[in-house]
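Shown next, in C-alpha cells, is the structure this report addresses.
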2 protein chains.
Amino acid sequence: MKLSTQEIYGLRCVLRIARSGSKNGITIHEISEDEGISQAYTAKILRILRLNKLVLSERGKHGGYILADTPENIPVSRVVDALGGKLYESDFCYKYHPDGNKQCIPVEYCSLRNLWFSVQKAVDQVLNDVTLQDIIDQNSAL
Amino acid sequence: MKLSTQEIYGLRCVLRIARSGSKNGITIHEISEDEGISQAYTAKILRILRLNKLVLSERGKHGGYILADTPENIPVSRVVDALGGKLYESDFCYKYHPDGNKQCIPVEYCSLRNLWFSVQKAVDQVLNDVTLQDIIDQNSAL
DNA sequence: TCAAATCTGTACTATTTAGTCAAGATTAAA
DNA sequence: TTTAATCTTGACTAAATAGTACAGATTTGA
C-alpha cells in the first residue's frame, strides 16, 4: 500500500501555499524552488488541486496561488483524495474480478471487502481529523 | 492511496490456499480458475509469497501450494507487506526530496513525516489484528 | 501598444507496475 | 524410461504513473 508521488508532493505544495503570508499568493516558481519539485510537475499538480477547488489561481504579472479556504477548514483528506482517490472506491469489487461474474459470491470476497473498507475507514479517521493548520502548527495527536 | 493489484490478488490467492483442505495443497491452475486470475500472473504472485516464506510449494505430479503456517498464525499484514511493502518506509524522506539536501529542515516536513507514519500505524493496527483464519470465518471487528 | 511574468493545456517521453510467454526442472505413475 | 502434471525462472509486452516540453492565454506596467 503506497502513496502516489502526486499525493505526497501535492500536500507539500498546498502547505507551501497555506504558509505563504502574501496576499497575491505564491507562484509556481516559488513553490517549485522551495519544494525541490520541477516547475512543470508543480504546475501539473496545482492544476489538479485547482480543478478540485482546493486552491485558486490568478494569472498575469502578479499572479499566483492561494488556498480556496482557510487552512483550518481544509482537512488533509481532501487534498489526498483529490490527488490520489480513495483506497476503497465503489468500483472496487468489479475492478479486481476480471471475469466479472463472480463478485461477492464466495464467502471470502465479502470479508475482504469489509477488510479493505475498514482499512479505508482507519485512514480516513486519521486524515479527516488533521487540517492543514494542524500540520503548520505541528498540532497533533500524530 | 491505493492497494496494488499484487496485494489484492495475492491476499485472495493466500486465502484460497488456506481454504484448501487438501493435504497436497492446491495448484496454480486451481487458484487461477477459482480467482479468475491468469495462471501466469498467479504463478508470479505465488513466487513472491514463496520467497517471503508465506507459502510452501511442491513440484511434480502431485505438486501444489500449502500455507507455511496455520491461518491463525498469519496476520493479513504479513501478506500485504510481502506483496506491496509498507506505506512509510525508512527511505521515505529521502525518496521524495530529489534535491537531497532539504530533508526535515523546514518545519512541515517533519509534521508530514509524522502524519504519514500515523497513517501507517492506523493501517497496521487493522491488518495486524486480522488473521487469515478471521477472514475465512468472517470473524470481525471489521 | 508592447514586453515581461505569470498561469493553462496538451502532447510528449521515461519509469514503474501489470501481465504474458516460453523453455526448463521436478515428481509421480504408467 | 517415458510421459504428463506440475512448479520455476527470466525475458518479454502492455498499461499506468511520473515527469517534461512547449505553445498559448492573461494580467500588469512601462
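In what follows, every chain begins at residue 1, and chains take the letters A, B, ... in the order their sequences are listed. Quick note: numbers below take in every heavy atom, side chains included, and nothing from hydrogens, waters or symmetry partners.
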In whole angstroms, how far is the [atom2] atom of [N] from the [atom1] atom of [X]?
X: Tyr9(B); N: dA18(C); atom1: OH; atom2: P; answer: 10 Å
X: Asn24(A); N: dA5(C); atom1: CG; atom2: C1'; answer: 12 Å
X: Leu51(A); N: dC7(C); atom1: CG; atom2: P; answer: 15 Å
X: Glu30(A); N: dT6(C); atom1: CD; atom2: P; answer: 8 Å
X: Ile45(A); N: dG9(C); atom1: CD1; atom2: C1'; answer: 16 Å
X: Glu58(B); N: dA28(C); atom1: CD; atom2: C1'; answer: 11 Å

Is it possible for you to say whether Ile45(A) and Leu56(A) belong to one hydrophobic cluster, with membership spreading through side-chain heavy-atom contacts below 4.5 Å?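 Result: no, two separate clusters.
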Nearest-nucleotide 5' precedence on DNA chain C, Tyr41(B) against His29(A):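 Taking each residue's closest nucleotide, the earlier one in sequence belongs to His29(A).
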If you find the nucleotide of DNA chain C closest to Ser57(A) and the one closest to Lys61(A), which residue's nucleotide is nearer the 5' end?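 With Ser57(A) and Lys61(A) compared, the 5'-side residue is Lys61(A).
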NZ/NE/NH1/NH2 to OD/OE distance under 4.0 Å, Lys2(A) and Glu7(A):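 No, this pair does not count.
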Between Val123(A) and Val80(A), does a side chain to side chain contact (heavy atoms under 4.5 Å, CB included) hold up when you go through it step by step? CA-CA 11 Å; Val123(A) 171; Val80(A) 173; over 6 Å; no
Counting just side-chain N and O atoms, does Arg59(A) come under 4.0 Å of either OP1 or OP2 of dA5(C)?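 False: Arg59(A) side-chain N/O out of range (4.0 Å or more) of dA5(C) OP1/OP2.
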Under 4.0 angstrom between Thr5(B) side-chain N/O and dA18(C) OP1 or OP2: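 Answer is yes, contact under 4.0 Å.
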So how far is it from Ile37(B) CD1 to Ile28(B) CD1, rounded to the nearest 0.5 Å?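 That separation rounds to 12.0 Å.
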Verify side chain to side chain contact (heavy atoms under 4.5 Å, CB included) between Leu15(A) and Leu132(A), making sure each step is shown before the conclusion. CA-CA 7 Å; Leu15(A) 284 166; Leu132(A) 298 186; 4.1 Å; yes
Select one nucleotide: of dT20(C), dA25(C), dT8(C), the one nearest the side-chain heavy atoms of Ser38(B).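 The closest nucleotide is dT20(C).
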When you check the side-chain N and O atoms of Thr131(B) and Asp134(B), is any donor under 3.5 Å from an acceptor?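 Side-chain D/A pair, Thr131(B) to Asp134(B): present.
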What is the 5' to 3' range of DNA chain D, first to last nucleotide, that sits under 4.0 Å from any heavy atom of chain A?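 First and last nucleotides in contact are dA18(D) to dG29(D).
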